[in-house]
Amino acid sequence: MCELFVYHAVTEKPMHIGQHILFNENHYNGVWKRVNEKLDIVKDIYKNSDKYKNIVPEHHTSVALRELALEKVRADKYPNYPSRMACLYVSKTFEEAEKWFDYFVSLGRPTFQIVKLKVSGNVFYGDAEKCFDGRLTEQENLILAEKYWENKDFNDSLIMEMLVDGDIEVVEIIKEI
């Protein structure tokens, strides 16, 4: 567990100075909610693979296939890393947060602020390009999830994905729309 300062492009609802956010095994994020809404279809895909062999899963189902595999590998092999379903996605620098901010705006996603946060928790630095589209076979998803968490071939040209959990406090609002 560490204490550090990071930046976050706020997209769901505005934050305020002094606000605390808690992510742990009992406090989840929006990814957890969206994944759990797709559990039945994921179970059916894995149980009845022939029924789905020529079907491309819709976006949220693909995300659920990926995130469930990522969580299984994380829990089994990398338990000290934050869960992608119980974390906040942040940036190491303000400049990185600005890139994410601009990207979210370009998608038409409601984007409100860039905030500076004080984090007391776990951290994972990863390559966002290794965040795959979920496949129809669990084994393939688990192999890709292992590649994501093992973090090999780490270099400066990657698109950084930083996950944090624990107690997160908003200490400054740097940019607002």
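What you see below is based on every heavy atom in this structure, not just the backbone, and it leaves out hydrogens, waters and symmetry mates. Keep in mind it's a predicted model, so treat the numbers as computed, not measured.
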Find out whether [X] and [Y] are in side-chain contact, i.e. whether some heavy atom of one side chain is under 4.5 Å from a heavy atom of the other.
X: R84; Y: E161; answer: yes
X: H27; Y: N24; answer: yes
X: P57; Y: L136; answer: yes
X: Y7; Y: L117; answer: no
X: L68; Y: V42; answer: yes

Does atom [atom1] of [X] have more than 12 heavy-atom neighbours, drawn from other residues, nucleotides or ligands, at distances under 6.0 Å?
X: E150; atom1: CD; answer: yes
X: K175; atom1: NZ; answer: yes
X: Y103; atom1: OH; answer: no

Does any N or O in the side chain of [X] come within less than 3.5 Å of the main-chain N or O of [Y], such that one atom is a donor and the other an acceptor?
X: D44; Y: D40; answer: no
X: S62; Y: H60; answer: no
X: S91; Y: T93; answer: no
X: N141; Y: R135; answer: yes
X: W149; Y: L70; answer: yes
X: E169; Y: V171; answer: no
X: E71; Y: E67; answer: no
X: N48; Y: K51; answer: no

Once rounded to the nearest 0.5 Å, what's the spacing between atom [atom1] of [X] and atom [atom2] of [Y]?
X: D76; Y: K72; atom1: CG; atom2: NZ; value: 4.0 Å
X: M162; Y: H8; atom1: CE; atom2: NE2; value: 12.5 Å
X: L22; Y: S120; atom1: CG; atom2: OG; value: 11.0 Å
X: R109; Y: F104; atom1: CZ; atom2: CZ; value: 4.5 Å
X: I114; Y: E172; atom1: CD1; atom2: CD; value: 11.5 Å
X: R66; Y: L144; atom1: CZ; atom2: CG; value: 11.0 Å

Of the non-hydrogen atoms in [X] and [Y], which two are nearest, and what is the gap between them?
X: F5; Y: K118; value: CE2-CB, 3.6 Å
X: V170; Y: H16; value: CB-O, 3.3 Å
X: P79; Y: A75; value: CB-O, 4.0 Å
X: E58; Y: K38; value: OE2-NZ, 3.0 Å
X: D165; Y: V119; value: O-CG1, 3.7 Å
X: A9; Y: A97; value: CB-O, 4.0 Å

Linking I/L/V/M/F/W/Y whenever any side-chain heavy atoms sit under 4.5 Å apart, do [X] and [Y] land together?
X: Y52; Y: L39; result: yes
X: V115; Y: V90; result: yes
X: I173; Y: I168; result: yes
X: Y78; Y: V31; result: yes
X: I55; Y: F132; result: yes

Quick one: list whatever passes ring-ring contact (aromatic ring centres under 6.0 Å, His included) with Y148, sequence neighbours left out.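 Partners of Y148 by the ring-ring contact (aromatic ring centres under 6.0 Å, His included) criterion, ordered by chain and then number, come out as F124.
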Could you walk me through whether L88 and F23 pass the side-chain contact (heavy atoms from CB on, under 4.5 Å) test, one step at a time? CA-CA 8 Å; L88 191 63; F23 287 112; 3.8 Å; yes
Can you tell me if N151 and Y81 form a side-chain donor-acceptor pair at under 3.5 Å?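 Distance-only check fails for N151 and Y81.
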Return yes if a side-chain donor-acceptor contact under 3.5 Å exists between N29 and Y89, otherwise no.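 Per modelled atom types, N29 and Y89 side chains form no pair under 3.5 Å.
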Given Y46 and L65, is the side-chain contact (heavy atoms from CB on, under 4.5 Å) satisfied, shown in steps? CA-CA 10 Å; Y46 288 160; L65 289 160; 3.5 Å; yes
Considering residues at least two apart in sequence or located in another chain, which fulfil the side-chain hydrogen bond (donor to acceptor under 3.5 Å, both in side chains) criterion with E37?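 So E37 forms a side-chain hydrogen bond (donor to acceptor under 3.5 Å, both in side chains) with K33.
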Applying side-chain contact (heavy atoms from CB on, under 4.5 Å), run through Q113 and F101 and close with a yes or a no. CA-CA 8 Å; Q113 303 161 313; F101 184 96; 5.6 Å; no
